[in-house]
Amino acid sequence: MWYSEGSREDVRVQTGGAVMDLSSVLALPSTLTVDKIERSTQGLTVYLHATTSTVFCPTCGTAGSRVHSRYLRTVADLTCVGQRLRLKLLVRKWICPLDSCPQRIFAEQFAGVARRYARMTDRLIKALQSMGVTTNGADGACLSSSLAMPTTPKTLIRHVLELPLPKESSVRIAGIDEWAWKKGARYGTILVDLEHRRIADLLPERSVESSTAWFKKHTEVQIVSRDRGKIFRAAADAGAPQAKQVVDRFHLQKNFAEALEKFFGHHKRLLKSAAHQLAGKTLAPQVAVTRQTEQERKDRQTERVRRHKKIWKLYRAGYRKEDIAQMVGIGSRSVYRALEHEQPPTRHRRHWTHHKADPYVPDLIKRWNDGCHTARALYAEIVAQGYTGSLRAIERIVAQIRPQGANAVTKQMITFQKTPSPRNTALMIVRPQESRTKDQTAFIVQLCKSDPTAATAYNLAQSFGSLLRNREGKPGLERWKAEVRASGIAELRNFMEGLADDAEAVVNGCTESWSNGMVEGFVNKVKWIKRSSYGQAGFPLLQRRVLLHPHSIEPIKRRGKRAA
Ligand SMILES: [Zn+2]
């Protein structure tokens with residue numbers, strides 16, 4: 001010990017003349033004086049004492065008369081030039097002079113340095129909190145330990161949970177949407193201040209009641225941007241009757257793309273023939289299959305139909321879709337898909353849209369045009385680059401381009417051997433022209449050339465997109481509806497008729513500039529934060545990590561160009 005039995009006179013200053021300024025160097029209050037600094041393999045230990053002459057009783061407020069005893073209190077502090085730093089505070093215990101005071105003895109506190117009973121300084125806790133908010137418990141603890149501020153995930157999370165939530169501010173333009181705790185099973189609600197581009201609040205559930213309650217607290221809301229679902233619509237009706245409701249462009253565009261996907265799903269052959277024509281081939285006639293594989297296909301089809309009927313039977317019996325998925329032993333997405341049509345599925349062929357060789361196609365073409373014409377040599381070259389597919393796949397590509405002989409081969413000849421899926425085609429089509437790739441444009445041009453109905457669908461998609469982007473309002477929408485009616489495309493017509501149910505908000509969606517695209521960005525952010533907690537985050541932790549995150553005002557942008 002560097003002092004004997006707690007008498008202040010024995011405190012020996014060992015660091016010479018520099019002592020005076022040390023507490024300010026360490027950014028500690030001037031009422032603390034550094035007595036000594038020790039350095040060991042454990043890091044630095046700074047011994048300090050308070051220089052205040054009187055301390056007031058926390059119970060009665062009377063100044064303490066005399067010191068009863070002293071003891072050393074250890075608190076961990078921020079890392080100091082890479083070394084672990086600990087403060088040893090010499091604490092005086094005072095005697096309260098007031099006889100009637102129940103507090104006989106009290107210890108002095110170090111306001112601004114460490115809270116009562118705390119084992120860490122306030123500034124260390126603050127640093128841990130910001131690590132905890134930006135990372136998760138495990139990573140934060142790992143990071144802080146490597147920075148010489150050892151802690152445990154549990155402690156880190158406890159400190160994050162101590163953080164107060166930001167004060168609710170006023171929101172004029174609110175975007176509302178859901179986010180998934182667990183997809184298909186449990187959802188929460190996110191509210192975004194679209195005007196100031198920040199998350200306004202996060203609710204633990206997706207229900208009419210909780211969203212209504214939020215709106216009732218925010219009577220200043222003037223515009224609610226939402227999807228076409230019933231929940232948020234009912235909540236906005238009940239909680240914010242003063243507000244104008246807008247079905248946002250993002251969801252309208254998304255629903256439209258889904259209708260388009262259904263259309264192309266029913267006309268897959270169109271896609272296939274367009275892709276083949278583009279690749280310079282005609283569509284091969286249906287090849288006769290051997291009896292055995294034909295039998296296998298029939299069996300598979302019987303099985304599909306049986307499963308479809310079972311799903312519908314369970315659905316009518318009132319089971320939840322997720323439970324049906326478990327009972328039938330398939331994914332819940334497949335159940336949703338099966339419940340879209342009551343008719344059992346017809347036989348279909350699978351379209352492979354991705355292949356392991358895809359990333360190597362530009363290289364293969366370059367090497368081919370350089371004069372390397374053997375499949376085996378090309379295969380060896382891309383294997384060296386990391387290709388893990390088969391030689392057979394490369395042989396197939398070579399067989400496709402071999403008839404070109406000495407002519408230069410282009411990427412298109414190979415890329416469009418594979419047919420885009422109905423979903424990809426739908427997405428390609430709704431996208432504005434300037435954000436499509438060359439290949440996609442070529443495919444769409446070919447598709448429209450080869451089939452007048454596809455061309456009509458394309459034109460309707462483009463006019464719908466521009467109607468939303470240019471906010472053409474009710475007249476534009478009515479004009480577009482008439483075009484859809486005239487087109488005779490059932491899938492798009494169904495979509496259009498579905499809009500009538502929520503007509504006013506849809507018209508607002510075609511008029512107002514507000515869109516939930518930003519909300520989607522924030523939903524991605526919530527998802528990312530939730531997953532980075534390894535699913536361990538309870539709602540209070542998730543809420544703090546989302547609302548207090550330094551970037552909670554920056555939605556994660558979706559890849560690709562944004563629509564103008
Ligand atoms: Zn007292």
Side-chain angles (χ1 to χ4, degrees), residues 168-179 188-203 206 211-212 214-258 430-432 435 463-478 480 495 498-499 501-526 546-547 552-558 560-564:
E168 289 198 32
S169 51
S170 94
V171 180
R172 204 170 64 88
I173 319 286
I176 188 167
D177 208 345
E178 65 190 22
W179 54 274
T189 305
I190 185 172
L191 287 133
V192 172
D193 180 344
L194 294 176
E195 206 174 15
H196 299 107
R197 307 180 65 83
R198 57 179 190 85
I199 300 181
D201 214 344
L202 204 63
L203 308 177
R206 176 188 58 175
S211 304
T212 306
W214 190 90
F215 280 125
K216 281 191 172 158
K217 267 194 294 179
H218 292 264
T219 47
E220 72 279 10
V221 172
Q222 286 172 20
I223 289 177
V224 177
S225 171
R226 57 165 174 84
D227 60 12
R228 284 168 58 210
K230 290 196 179 80
I231 295 179
F232 299 137
R233 184 177 169 188
D237 280 343
Q242 78 285 358
K244 188 179 191 180
Q245 293 182 34
V246 177
V247 170
D248 84 289
R249 294 199 310 246
F250 176 86
H251 282 102
L252 280 174
Q253 195 66 286
K254 190 171 155 229
N255 295 155
F256 179 75
E258 283 159 4
V430 296
R431 201 166 288 166
S435 53
S463 53
F464 190 59
S466 80
L467 143 76
L468 291 177
R469 276 194 300 279
N470 303 329
R471 293 168 222 135
E472 290 172 20
K474 197 167 182 173
L477 183 65
E478 290 304 325
W480 183 79
F495 164 75
L499 295 179
D501 177 43
D502 200 5
E504 198 188 323
V506 169
V507 170
N508 289 340
C510 303
T511 320
E512 292 286 336
S513 62
W514 304 104
S515 159
N516 271 21
M518 193 198 307
V519 182
E520 294 301 313
F522 280 123
V523 168
N524 285 340
K525 183 143 224 162
V526 172
V546 168
L547 297 178
S552 74
I553 47 168
E554 275 286 308
I556 295 179
K557 289 205 179 100
R558 294 166 69 225
K561 272 189 242 162
R562 285 166 59 113

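Here the structure is a predicted model, which means the values were calculated and not measured. All values below were derived from every heavy atom in this structure, side-chain atoms included, with hydrogens, water molecules and symmetry-related copies excluded.
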Criterion side-chain contact (heavy atoms from CB on, under 4.5 Å) on E258 and N255, from CA distance to verdict: CA-CA 5 Å; E258 283 159 4; N255 295 155; 3.4 Å; yes
Between [X] and [Y], which heavy-atom pair has the shortest distance, and what is it?
X    : Y    : value
S463 : W480 : OG-CD1, 3.3 Å
I223 : A243 : N-CB, 4.2 Å
L477 : L467 : N-CD1, 3.6 Å
A200 : V171 : CB-CG2, 3.9 Å
V519 : G175 : CG2-CA, 4.0 Å
C510 : L468 : SG-CD2, 3.9 Å

Do [X] and [Y] make a side-chain contact, defined as non-hydrogen atoms from C-beta onward lying under 4.5 Å apart?
X    : Y    : value
V247 : R226 : yes
L547 : D201 : yes
L191 : L203 : yes
S225 : R249 : no
F232 : T189 : yes
E178 : I231 : no
F464 : L252 : yes

Check whether the side chains of Q245 and D502 place a donor and an acceptor atom closer than 3.5 Å, and report yes or no. no
Sub-3.5 Å donor-acceptor pair from the side chain of D227 to the main-chain atoms of D248, do we have one? no
Using atom types as modelled and distance alone, determine if a side-chain donor or acceptor of Q242 lies under 3.5 Å from a backbone N or O of V221. yes
When rounded to the nearest 0.5 angstrom, what is the spacing between [atom1] in [X] and [atom2] in [Y]?
X    : Y    : atom1 : atom2 : value
I190 : E520 : CD1   : CD    : 9.5 Å
S169 : R198 : OG    : CZ    : 3.0 Å
R469 : Q253 : CZ    : CD    : 7.0 Å
R197 : I173 : CZ    : CD1   : 13.5 Å
Q222 : E195 : CD    : CD    : 8.5 Å

Under the ring pair (Phe, Tyr, Trp, His ring centres under 6.0 Å) test, residues paired with H218 that sit two or more places apart: W214
Can we say D501 and R233 salt-bridge, meaning some charged N sits less than 4.0 Å from an Asp/Glu carboxylate O? yes
Using a cut-off of 6.0 Å, state whether more than 12 heavy atoms not belonging to K217 lie near its atom NZ. yes
CD of E220: more than 12 outside heavy atoms within 6.0 angstrom? yes
